[in-house]
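Notes for the one structure printed next.
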Amino acid sequence: MKTHTTFSPKVISLLLIIVFDMIGNQATAQLPFNFKYAEGISFENSIVRRYNDTKAIVYYEIGGFGYVSLVDLINDQGYRIKLDTGIFMNDMCILKDTVFLCGRDEISSGMAGCIVAIDINELNSGMATPIYFDPSYWIHCNFKRIKGYEYTIPGDERKYAKFLLVGDIYFACDTTEPFPRVFSLFNINDGNNYTYSTASEDGRCVVNSVWEVSYPFSYGSPSAATTNQIVLRAVNPDIHPEIIHDVVVTENYVAFIGLEGVSSKAITLHICNKDDNVLRNFIPSLPADFINYYSYPLSSNNANPFYHACALNGDRIAIVADSEDPTSPDQLYIRAIDLNTQTMFASQDFVGSEKPHVIDVALALNGDSILVLYNDKYLPSNVFRDMVCKVDASSTQTYYYQPCIVDKMTPIPLNSIDAMPKSFITTGRKFGMVSKTSIMGNADKCHEGVDYLLKKSTTIDPRTSFFRYDQFMPTSNSWEKVAVPELINYKIICRE
């Protein structure tokens with residue numbers, strides 16, 4: 001049985017301490033290798049995020065448990081802890097010296113959304129204390145994406161943090177659970193109490209949702225300051241067919257990217273100010289930023305893309321997807337949008353070999369280049385492989401070729417990618433590839449590359465859209481559980 005407690009003063013202090021790492025420095029450490037990968041880490045899910053120039057945080061699952069590890073890329077060691085029973089994560093982000101992961105808590109009554117906070121410095125110590133947060137237990141959900149940012153309030157010198165999440169809520173289709181009825185009481189569409197799907201069959205229904213969660217994880221009354229609030233906005237599929245795919249944070253904005261429509265499909269873009277309140281509607285006549293959004297109509301009514309997003313420099317973003325046009329299954333689509341003007345200023349088709357599938361994207365640590373991790377038939381071997389390409393997301397060239405890289409190893413799935421200084425790191429069923437981007441297009445004992453074609457494509461003009469999404473302010477629970485970090489040595493399979 002998990003014991004739920006309120007937040008301790010120790011946890012609150014994590015929010016206020018400013019710890020500087022090497023992210024903002026001009027000097028960067030050079031990896032003493034060009035390429036390497038290690039023995040398998042996970043045969044299930046994994047996530048990787050850069051911590052500093054030579055270390056990364058890796059989440060992975062083995063044997064029905066989730067682990068979080070601080071990995072040193074130079075000495076091939078990592079300190080890991082095992083998460084609490086039933087905790088499985090889908091995404092993570094790092095703010096200063098704390099890593100925040102999101103996913104689900106597989107409780108006895110079903111599934112609750114879960115956020116985990118871990119002080120990274122504790123991973124190098126003799127004891128770590130992960131903090132677990134669940135929203136109301138009657139809300140059965142699974143958090144899929146998380147992004148965070150710090151901010152200040154005028155007249156207050158302290159730093160606060162917000163987290164924006166995308167997730168799914170599950171409930172009984174026959175309305176025997178509270179969700180369809182409770183939400184109708186808080187609906188602010190037009191005065192009518194809309195309900196959700198009421199299918200008669202015995203099954204589970206799902207609706208898409210976005211969340212704003214303040215840190216420390218706490219809850220105030222509806223009139224309290226937003227610095228201690230949890231706000232949930234749900235997408236009612238019965239009257240508004242939209243699914244939010246990803247969330248991205250830029251210098252001044254938080255942007256949610258998704259897809260709407262049944263027969264006529266369009267990209268959706270919600271642009272919200274990055275401040276103390278992102279999602280909450282205080283007064284229905286003064287809607288939150290999230291309610292007003294932009295849509296970019298796609299040319300194919302049969303489109304079924306899933307958009308991965310990342311921030312570019314300034315207030316610009318890149319979105320990457322496949323399956324935008326079923327008549328051209330051999331293409332990836334890379335689009336760049338300026339959030340200040342809502343203008344799609346660049347659009348490219350990445351021409352693959354057969355049927356590419358996007359796995360993950362990340363911003364390289366220089367310029368507007370992005371790293372795209374995707375699966376497709378690798379031309380030289382005619383075998384489907386997970387590949388990495390570095391692409392200029394803001395390019396408007398008519399066409400150009402870009403090298404992509406694979407490792408010389410039996411094909412093993414990769415799950416996640418992030419940028420390192422002049423390099424990148426991926427994880428999956430192996431710890432790697434850790435590679436300098438300058439070697440792309442070359443070949444050696446550990447890796448090889450091939451050039452792929454990118455072509456300029458038509459940009460899409462936005463149109464303004466509006467919908468009053470359901471709103472709720474759930475309560476929350478939190479608990480802590482001590483974990484002892486374990487030193488792991490990773491066996492290197494190939495190094496250049």
- [ ] Please answer whether the main-chain N or O of Ala309 pairs with a side-chain N or O of Asp246 as donor and acceptor at a distance below 3.5 Å.
- [x] yes
Open item on the list: Can you tell me how the ring of His270 sits relative to the ring of Phe256, calling it parallel under 30°, perpendicular over 60° and tilted otherwise?
Closed with: perpendicular
Task: Salt-bridge contact Asp84-Lys481 (side-chain N to carboxylate O under 4.0 Å) - done: yes
TODO: Report the relative orientation of the aromatic rings in Tyr37 and Phe35; use parallel for angles under 30°, tilted for 30 to 60°, perpendicular for over 60°.
DONE: perpendicular
- [ ] Among residues two or more places apart or on two chains, list those pairs meeting salt bridge (Lys or Arg N to Asp or Glu O under 4.0 Å) that have a residue in residues 356-378.
- [x] Arg316-Asp368, Glu354-Lys377
Task: Donor-acceptor under 3.5 Å (Ser416 side chain, Val48 main chain) - done: yes
Open item on the list: Can a donor-acceptor pair be found, under 3.5 Å and without considering hydrogens, that links the side chain of Ser46 to the backbone of Gly428?
Closed with: yes
- [ ] Measure the acute angle between the ring planes of Tyr132 and Trp479, then classify it against the limits of 30° and 60° as parallel, tilted or perpendicular.
- [x] parallel
Task: Proximity of Tyr215 and Phe100 rings by center, below 6.0 Å - done: yes
Task: Check: Tyr67/Glu486 side-chain N/O donor and acceptor closer than 3.5 Å - done: no
Open item on the list: Just to verify, what does Asp76 make a side-chain hydrogen bond (donor to acceptor under 3.5 Å, both in side chains) with, not counting sequence neighbours?
Closed with: Lys36, Arg495
Open item on the list: If the threshold is 4.0 Å, N to carboxylate O, is there a salt bridge linking Lys162 and Glu212?
Closed with: yes
Task: Met92 backbone acceptor or donor facing Arg49 side chain under 3.5 Å - done: yes
Task: Under-2.5 Å SG separation for cysteines Cys494, Cys446 - done: yes
Open item on the list: Ignoring hydrogens, what is the shortest heavy-atom contact between Gly258 and Tyr307? Give both atom names and the distance.
Closed with: O-CD1, 4.1 Å
Task: Which residues share a salt bridge (Lys or Arg N to Asp or Glu O under 4.0 Å) with Lys82, sequence neighbours left out - done: none
TODO: Mind checking side-chain hydrogen bond (donor to acceptor under 3.5 Å, both in side chains) for Thr250 and listing every partner two or more places apart, or none if nothing turns up?
DONE: Asp315
Task: Sub-6.0 Å ring centroid separation between Tyr170 and His140 - done: no
Open item on the list: Please list all pairs meeting salt bridge (Lys or Arg N to Asp or Glu O under 4.0 Å) that have one or both residues in residues 385-394, counting only residues at least two apart or in different chains.
Closed with: Arg385-Asp407
Open item on the list: Assess, by modelled atom type and distance only, whether the side chains of Asn273 and Asp289 contain a donor and an acceptor separated by less than 3.5 Å.
Closed with: yes
Open item on the list: Once you measure the plane-to-plane angle for Tyr374 and Phe350, does it fall in the parallel (<30°), tilted (30-60°) or perpendicular (>60°) bin?
Closed with: perpendicular
Task: Heavy-atom donor-acceptor pair, Asp105 side chain to Ala112 backbone, under 3.5 Å - done: no
TODO: Output all residues satisfying side chain to side chain contact (heavy atoms under 4.5 Å, CB included) with Lys55, sequence neighbours left out; order by chain, then residue number.
DONE: Tyr51, Asn52, Leu70, Asp72, Asn124
